[in-house]
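All remarks here apply to the structure that follows.
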Amino acid sequence: MSVWRPVPNLNSAQSEAVHTLKGPLLVLAGAGTGKTRVITYRIAELIKSGIDPSRILAVTFTNKAAREMRQRALTLLGRRKAGAAVPEISTFHSLCVRILRRHARRLGYPDAFSIYDRGDQETLARQALRDIRVSSGNLRPGDLISFIGGWKNKGILPQAAAEGAEGDRAELAGEAYAKYQSQLRASGAMDFDDLLLLTNRLFSEFPDARLAEAKRFDHLLIDEYQDTNDLQYRIVKAMADRHRNLCVVGDDDQSIYGWRGAEIAHILGFRDDWPEAKVVRLESNYRSLAPILAYANTLIAHNSTRHKKVLNPSRDGGTAPRILRFEDEAKEAEEVVLQIQQLLVSNSETPVLPSDIAILFRTNEQPRVFEAELRRTKIPYILVGGQSFYDRREIRDVLSYLRVLANPLDEVSLLRVINTPTRGIGTSTIEALLEFAVAAGTSLWSALPAALRSVQLPAATILRVEGFRSLIEQFRSKQGELPIPELMRELLQVIDYRSELERLHTGPGEAEARWGAVEELVNAAALYEQREKAATLVGFLEEATLSDRDDTPDEDKPQQRALTLMTLHSAKGLEFPHVFLVGMEEGILPHQRSVIEGQGVEEERRLCYVGVTRAQETLTLTFTRARMKWGQPRPSIPSRFLAEMRGETERAMRAAAAAEALFNKKQSEPESETTEASARTKAEKKAKSTKKAKGKARTVKSAQQNSARGGKVAHAAETMNPRKELEVQGPAQARVSPGTSRSSEMPIQGPRGAGAPHANEKKKFPVRA
DNA sequence: ATCAAGCTATTTTTT
DNA sequence: ATAGCTTGAT
């Protein structure tokens with residue numbers, strides 16, 4: 001996807017970075033200046049200088065980046081003997097898993113501990129919230145997960161979290177965190193944050209383990225260092241302080257993971273930890289044409305906390321980025337795709353392929369319309385990060401079986417498969433068994449034999465549960481003997497999963513399609529087994545959980561020439577000849593939430609900067625006049641960043657002010673029309689729904705909270721009255737919107753080369769009078 | 001155990 | 001608008 005330009009020579013700064021083989025090194029590199037190339041060349045250089053490749057560890061942000069780096073490093077080194085040592089290149093998370101596998105017992109986890117992804121986390125979070133009988137309105141699973149993530153990233157344990165929690169939501173989250181974590185622990189499972197957290201704990205509680213791990217490598221290289229969070233930072237220090245051969249590469253202007261705990265301070269303060277560090281700056285941009293770079297530079301200059309640097313173009317020519325406005329998101333999609341079609345058929349000397357084009361957006365709801373349009377026009381595309389292969393129901397089912405085989409303590413998986421396919425073990429049975437297990441203080445799995453003896457259940461049910469148990473036992477013992485694909489096939493056969501799919505999915509061809517996915521998973525297992533010398537079930541599961549969400553097993557099938565649809569976050573590190581950055585509106589980019597909280601607009605600006613700097617040849621920025629939200633069209637305000645990029649600071653400030661006024665109003669405008677009566681009905685309703693929760697004191701508390709909230713809830717619906725919305729927005733819109741009296745400040749182009757313009761085109765793109 | 005009907009909230013980004 | 005959930009009828 002990204003073009004590995006065959007520049008034979010490195011420029012002097014790059015060369016300096018590549019050839020500084022010893023000691024700490026900070027490479028501060030702007031977008032498109034060859035960061036990754038520096039790391040890759042450096043790895044090759046280290047190996048050429050006689051370093052044992054297996055003593056080199058490089059850490060990347062994504063698995064995809066790791067894969068590419070591995071490949072490129074090997075290419076640079078030329079042909080090597082088969083089976084020769086290779087450098088270890090992986091993400092932080094994969095690295096931690098490998099470390100933890102070696103020491104799991106010492107931390108009280110089974111060797112075959114499970115790794116829980118976002119979906120598993122949600123299941124667990126839902127359970128935890130149900131346990132403390134909080135009505136779902138107060139704190140949703142997703143909210144809980146972000147609370148927990150925040151705490152874990154700071155190394156805060158449940159008890160401390162509960163004590164330090166301020167406010168209703170935080171308190172509830174603190175309580176739920178304890179449940180969540182103990183369930184996770186009891187399941188012999190770790191979530192993504194645990195991987196980092198537990199590695200740190202291992203290192204601090206067991207110095208010998210830390211030493212042993214640190215001693216495995218003599219060189220450490222970290223890509224995208226600006227996005228390291230505190231846990232990762234500590235791991236880096238722990239791994240590198242022995243040899244001090246640490247090379248970090250990053251760009252503070254591209255730090256876009258603050259919400260996940262990333263700290264720019266780590267890259268800005270690198271020299272505090274490594275005083276002898278050499279610093280190299282890369283400012284020659286090889287990627288984008290000058291006009292694109294000019295926009296990027298002007299935009300990012302609006303941020304206050306950053307290392308000042310200016311990217312210098314190394315290529316001449318190019319046209320200014322285009323800014324287009326459309327009536328609504330449907331038109332936006334339609335016209336962008338139309339333009340793409342024209343790009344694709346343009347018969348210049350260098351034909352444009354779909355794979356040369358990317359559509360970038362801020363939020364995951366945006367691509368829908370584009371997908372529909374691309375499918376209609378038969379342009380091949382890949383949606384990065386959408387519902388991935390591994391999120392499909394049938395895939396999760398099969399993987400859950402495998403996880404139970406590897407680690408029967410894994411309760412999320414166990415509960416998923418205990419009645420899949422339906423085998424007559426219903427909720428009440430499961431609840432009774434669980435209750436017994438909880439009382440006995442053990443996991444469901446280990447409690448099963450005793451539970452079946454003492455819990456009152458119909459004889460038939462006992463037989464079914466026993467049948468399930470022996471099924472799992474039976475396959476558990478086959479685990480080591482049988483190759484993974486064989487194991488899977490046999491299991492699928494025995495549980496007759498195919499019939500289950502046919503029963504569940506009656507649509508034409510649907511069951512077949514789903515079974516096809518299952519077969520693909522079996523194939524993936526076969527491929528894994530072929531590739532991996534020491535293939536294990538655990539290893540396969542690990543790969544399935546940690547691998548990029550976008551790399552489906554049938555990776556190199558037809559999608560080679562596909563256009564890319566992805567979020568700005570996923571676009572980091574990539575480049576495309578032609579980029580469409582869509583939805584450039586206040587509320588989307590910068591996102592409403594970052595505006596309301598007052599913080600984070602700088603990060604949104606960096607996000608925009610990342611988007612702009614992905615483009616090599618052309619950049620098109622689009623926004624709409626109005627966008628559907630909750631079934632109603634709402635007028636949009638063009639993003640302040642559009643104005644900023646063009647140096648129209650005044651206008652940008654007006655856009656910002658208008659957006660802030662609008663969003664804050666929506667948030668906190670006091671109620672007006674809501675009658676007491678309607679508020680009361682609502683509260684009553686809510687209270688009723690909580691009533692049947694069994695808890696005593698807790699139930700009362702939630703009910704009270706709910707009724708306290710009733711008024712606000714009812715009122716929120718009121719402010720959403722569309723007519724009111726329009727009144728509120730009308731003037732604000734007029735002030736900042738191009739196409740009205742002030743629009744000459746920001747000329748908006750209609751779609752270029754749209755052949756014979758339709759009669760109504762003026763309406764679609766009101767290009768000022 | 002399964003399904004249709006009705007209700008709800010919709011406030012980002014991901015290893 | 002719509003996904004995701006609960007509820008009540010089979």
Side-chain angles (χ1 to χ4, degrees), chain A residues 59-66 90-97 115-119 121-122 126 135-138 140-143 145-146 149 152-153 190-196 224 227-229 231-232 255-262 329-330 360-366 368-369 384-386 388 419 421-428 503-504 506 545-550 566-572 583 587-597 600 603-604 606-608 610-611 627-634 663-664 666-667 682 685-686 688-689 692 713 716-717 720:
Chain A
V59 179
T60 58
F61 197 75
T62 63
N63 283 294
K64 188 177 183 180
S90 71
T91 61
F92 267 108
H93 289 83
S94 305
L95 171 69
C96 288
V97 171
I115 301 167
Y116 279 5
D117 65 11
R118 174 72 196 217
Q121 280 188 289
E122 272 175 22
R126 206 163 288 130
S135 87
S136 60
N138 286 336
R140 266 147 309 124
D143 303 333
I145 292 170
S146 32
K152 285 192 176 177
N153 276 324
M190 304 179 188
D191 63 18
F192 283 155
D193 295 323
D194 276 349
L195 297 175
L196 305 177
E224 309 283 13
D227 283 321
T228 49
N229 66 26
L231 296 173
Q232 293 165 326
S255 170
I256 54 176
Y257 283 92
W259 52 275
R260 218 173 69 186
E329 72 273 18
L360 306 181
F361 41 84
R362 173 72 237 264
T363 70
N364 276 317
E365 68 170 1
Q366 287 172 267
R368 293 177 159 210
V369 231
V384 175
S388 93
N419 200 31
T422 41
R423 48 170 73 88
I425 306 177
T427 24
S428 49
R503 194 179 63 82
L504 242 43
T506 50
T545 313
L546 291 177
S547 72
D548 292 335
R549 313 302 281 155
D550 61 298
M566 66 181 158
T567 63
L568 290 165
H569 282 88
S570 317
K572 188 171 68 160
I588 297 180
L589 186 68
H591 195 272
Q592 176 166 352
R593 187 150 166 167
S594 70
V595 173
I596 288 170
E597 285 164 14
E603 181 156 311
E604 297 288 307
R606 291 194 289 268
L607 205 43
C608 185
V610 166
R627 190 173 286 268
M628 276 302 212
K629 205 177 179 189
W630 305 338
Q632 293 296 325
R634 328 170 119 235
F663 298 153
N664 286 328
K666 242 186 242 161
Q667 277 281 301
K682 257 220 148 110
K685 236 186 185 168
K686 281 223 160 183
K688 213 156 85 187
S689 75
K692 70 172 181 204
V713 171
M720 268 151 215

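The structure presented is a predicted model; accordingly, all values stated were derived computationally and were not measured. A note on names: the letters A, B, ... follow the listed sequences, proteins ahead of strands, and every chain is numbered from 1.
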For this session: Flag as yes if Trp259(A) stacks onto the base of dT12(B) (centroids under 5.5 Å, planes under 30°), otherwise no.
Result: no
Exercise. With sugar-phosphate meaning primed atoms plus P, OP1 and OP2, does Gly424(A) contact a base, only sugar-phosphate, or nothing at under 4.0 Å between heavy atoms?
Worked result: nothing
Exercise. Between atom CD in Glu122(A) and atom P in dT14(B), what is the gap in whole Å?
Worked result: 14 Å
Problem set entry | Options dT13(B), dT15(B), dA1(C), nucleotide nearest the side-chain atoms of His93(A) | dT15(B)
Seminar exercise, completed: Atom CZ of Arg260(A) and atom C1' of dT14(B) are separated, to the nearest Å, by 5 Å
Problem set entry | Residues Glu604(A), Arg362(A): salt bridge by 4.0 Å N-O rule | yes
Problem set entry | Contact nearer the 5' end of DNA chain B, comparing His591(A) with Asp193(A) | His591(A)
Exercise. With a non-hydrogen cut-off below 4.0 angstrom, is Arg423(A) in contact with a base, only sugar-phosphate, or nothing?
Worked result: nothing
Exercise. For dT11(B), does either OP1 or OP2 sit under 4.0 Å from a side-chain N or O belonging to Arg140(A)?
Worked result: no
Exercise. Across the strands shown, which category fits Ser570(A) at heavy-atom distances under 4.0 angstrom: base, sugar-phosphate, nothing?
Worked result: sugar-phosphate
Seminar exercise, completed: Met566(A) atom CE is separated from dT13(B) atom P, nearest whole Å, by 15 Å
Exercise. Nearest to the side chain of Phe192(A), which nucleotide is it out of dT15(B), dA1(B), dT14(B)?
Worked result: dT15(B)
Problem set entry | Touch class at under 4.0 angstrom, heavy-atom based, for Asn419(A) against every strand present | sugar-phosphate
Problem set entry | Nucleotide nearest Trp630(A) when distance is taken to its side chain, options dT12(B), dA1(C), dT15(B) | dA1(C)
Exercise. Under 4.0 Å between a side-chain N/O of Arg503(A) and OP1 or OP2 of dT2(B), yes or no?
Worked result: yes
Exercise. In terms of side-chain geometry, is the basic nitrogen of Asp191(A) or Arg118(A) positioned less than 4.0 Å from the acidic oxygen of its partner?
Worked result: no
For this session: Have a look at Arg126(A) and say if it touches a base, only the backbone sugar-phosphate, or nothing, with a 4.0 Å heavy-atom cut-off.
Result: sugar-phosphate
Problem set entry | Nearest listed nucleotide, side chain of Asn364(A), among dA3(C), dT14(B), dT12(B) | dT14(B)
For this session: Answer with base, sugar-phosphate or nothing: what part of the nucleic acid does Tyr257(A) contact at a heavy-atom distance below 4.0 Å?
Result: sugar-phosphate
For this session: Using a strict cut-off of less than 4.0 Å between a Lys/Arg side-chain nitrogen and an Asp/Glu carboxylate oxygen, indicate whether Lys572(A) and Asp227(A) qualify as a salt bridge.
Result: yes
Problem set entry | Ring-ring centroid check Phe61(A) Phe92(A), cutoff 6.0 Å | no
